[in-house]
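Okay, so here's the structure we're looking at.
Note that these values count all heavy atoms, side chains included, but never hydrogens, waters or copies made by symmetry.
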Amino acid sequence: MARLQLAIDSTTIDDALQLAQSAYPFFDIAEIGTPLLIEQGLAALEALRERYPDRQFLADTKIADAGHLEASSAFRRGAHLATVLGVADDITIRAALTAAEEHGAQIMIDMIHVTDVRQRAQQLEQMGVHAICLHTAYDVQGTGIDPLAHLHDVREAVQCPLAIAGGIGLDNVQAALDMGADIIVVGGGIATAPDARRAAEQLKRIIETATGHVDTP
């Protein structure tokens with residue numbers, strides 16, 4: 001079934017824990033967002049995993065180099081998944097995949113700023129990546145770009161799990177699911193909602209209904 005990934009882009013561990021508490025248990029994966037990693041490092045990952053050991057955790061490392069070293073750092077600190085940029089060299093991606101294999105973890109490729117998304121997705125799937133994330137950059141979300149623009153095309157091209165991130169919320173989550181998204185990544189759509197818990201619950205219920213599975217916490 002499709003899963004909800006909570007993007008935690010807070011800049012303090014306290015704020016991150018508060019957001020997770022507000023949304024729990026209505027998310028499957030807690031993403032330690034890049035802003036949080038920059039400010040607090042992997043200690044934020046450890047703090048959240050200690051509080052919510054029953055969830056999966058993704059470190060949004062956006063690795064562009066030193067794939068094995070950087071992915072291993074995230075996995076040693078408790079990440080189940082780490083992100084590598086789709087524009088990174090194939091050598092870097094393969095090195096990160098080796099680290100994932102060594103730690104029983106997974107690599108998600110962030111396709112932000114990839115030019116030929118369909119072709120690169122096919123290449124990445126052949127390399128054995130565990131998931132691909134179609135990501136609309138935060139800085140361009142207000143320019144009228146449709147965050148779902150490439151989803152249908154890529155879904156037709158690859159079989160691996162697809163995540164969709166950037167500008168996703170209650171208004172377009174159903175469309176994303178209809179196009180074949182496996183992981184719905186939502187940050188601001190929950191964090192900035194008047195009631196974060198209700199927003200997370202609504203998103204989770206839409207996902208469960210669309211995939212024919214209802215899990216009552």
Side-chain angles (χ1 to χ4, degrees), residues 1-10 16-33 48-49 51-60 79-81 83 106-112 117-118 121 125 129-138 141 144-217:
M1 64 169 289
R3 294 178 288 169
L4 177 61
Q5 180 171 310
L6 173 66
I8 304 175
D9 291 321
S10 311
L17 288 168
Q18 183 175 351
L19 175 57
Q21 181 178 352
S22 297
Y24 184 81
F26 303 109
F27 60 87
D28 304 289
I29 304 168
E31 172 191 326
I32 312 304
L48 280 151
R49 179 157 180 175
R51 184 74 62 86
Y52 301 102
D54 60 334
R55 304 292 97 165
Q56 283 199 311
F57 288 87
L58 177 145
D60 193 15
H80 299 92
L81 304 100
T83 61
Q106 297 186 341
I107 293 295
M108 179 186 286
I109 301 295
D110 188 329
M111 299 291 276
I112 192 169
V117 179
R118 181 188 176 102
E125 183 173 53
V129 304
H130 303 96
I132 293 172
C133 181
L134 306 180
H135 185 185
T136 301
Y138 175 81
Q141 286 178 27
I145 292 178
D146 180 3
L148 307 182
H150 299 290
L151 180 54
H152 179 73
D153 191 34
V154 175
R155 179 74 287 167
E156 288 188 331
V158 300
Q159 298 298 314
C160 68
L162 288 181
I164 188 79
I168 307 301
L170 288 167
D171 60 334
N172 57 7
V173 61
Q174 185 64 59
L177 292 164
D178 291 343
M179 291 183 192
D182 301 291
I183 302 172
I184 304 296
V185 184
V186 182
I190 294 174
T192 64
D195 186 335
R197 181 177 180 81
R198 177 168 173 76
E201 182 176 9
Q202 288 178 307
L203 286 161
K204 182 64 172 168
R205 295 307 182 204
I206 291 170
I207 292 169
E208 289 177 338
T209 300
T211 53
H213 176 84
V214 176
D215 181 17
T216 304

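- Side-chain contact check for Arg205 versus Phe26: some heavy-atom pair is nearer than 4.5 Å.
- Residues Gln106 and Gln56 have side chains not in contact (no heavy-atom distance under 4.5 Å, counting atoms from C-beta outward).
- Of all the heavy atoms in Ala163 and Val185, the pair that sits closest is CB-CG2, 4.2 Å.
- Under the 3.5 Å distance criterion, the side-chain polar atoms of Asn172 are matched with a main-chain donor or acceptor of Gly167.
- Rounded to the nearest 0.5 Å, atoms NE2 (His150) and CD1 (Ile164) are 9.5 Å apart.
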Please step through side-chain contact (heavy atoms from CB on, under 4.5 Å) for the pair Ile207 and Leu177, ending with a clear verdict. CA-CA 7 Å; Ile207 292 169; Leu177 292 164; 4.1 Å; yes
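- Taking each heavy atom of Ile112 and Ala137 in turn, the nearest pair found is CD1-CB, 3.6 Å.
- Here the shortest heavy-atom pairing between Ala193 and Ala199 reads CB-CB, 3.7 Å.
- Interatomic distance, CG of Leu19 versus CG of Asp9, reported as 9.0 Å (0.5 Å rounding).
- Closest approach of Ala16 to Ile8, counting heavy atoms only: CB-CG2, 3.5 Å.
- Residue Gln159 qualifies as open at atom CD: its count of foreign heavy atoms under 6.0 Å is 12 or below.
- Once rounded to the nearest 0.5 Å, the distance linking CG of Asp60 with SG of Cys133 reads 8.0 Å.
- Relative orientation of the Tyr52 and Phe27 rings is perpendicular, given thresholds of 30° and 60° on the angle between their planes.
- Residues Ile206 and Leu170 form a side-chain contact, since some pair of their non-hydrogen atoms from C-beta on lies under 4.5 Å apart.
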Are Arg55 and Tyr24 close enough, and set up right, to give a side-chain contact (heavy atoms from CB on, under 4.5 Å), and what steps lead you there? CA-CA 9 Å; Arg55 304 292 97 165; Tyr24 184 81; 3.9 Å; yes
Verdict with supporting geometry, Ile168 and Ile184, side-chain contact (heavy atoms from CB on, under 4.5 Å): CA-CA 8 Å; Ile168 307 301; Ile184 304 296; 3.7 Å; yes
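- For the residue pair Arg197 and Ser22, the shortest heavy atom distance occurs at CB-O, 3.0 Å.
- Remark: Met108 CE to Ile183 CD1 distance equals 4.0 Å, nearest 0.5 Å.
- For the atom pair CD1 of Ile190 and CG of Leu6, the computed distance is 5.0 Å after rounding to the nearest 0.5 Å.
- In terms of modelled atom types and a separation under 3.5 Å, the side chain of His135 and the main chain of Met111 share no donor-acceptor contact.
- The existence of a salt bridge linking Arg155 and Asp178 is excluded, since no basic side-chain nitrogen approaches an acidic carboxylate oxygen closer than 4.0 Å.
- Rounded to the nearest 0.5 Å, atoms CE (Met179) and CG (Leu162) are 12.5 Å apart.
- Across Thr136 and Gln141, no two heavy atoms sit closer than the pair O-NE2, 3.2 Å.
- In summary, Glu201 and Lys204 do not engage in a salt bridge, as defined by a charged side-chain N under 4.0 Å from a carboxylate O.
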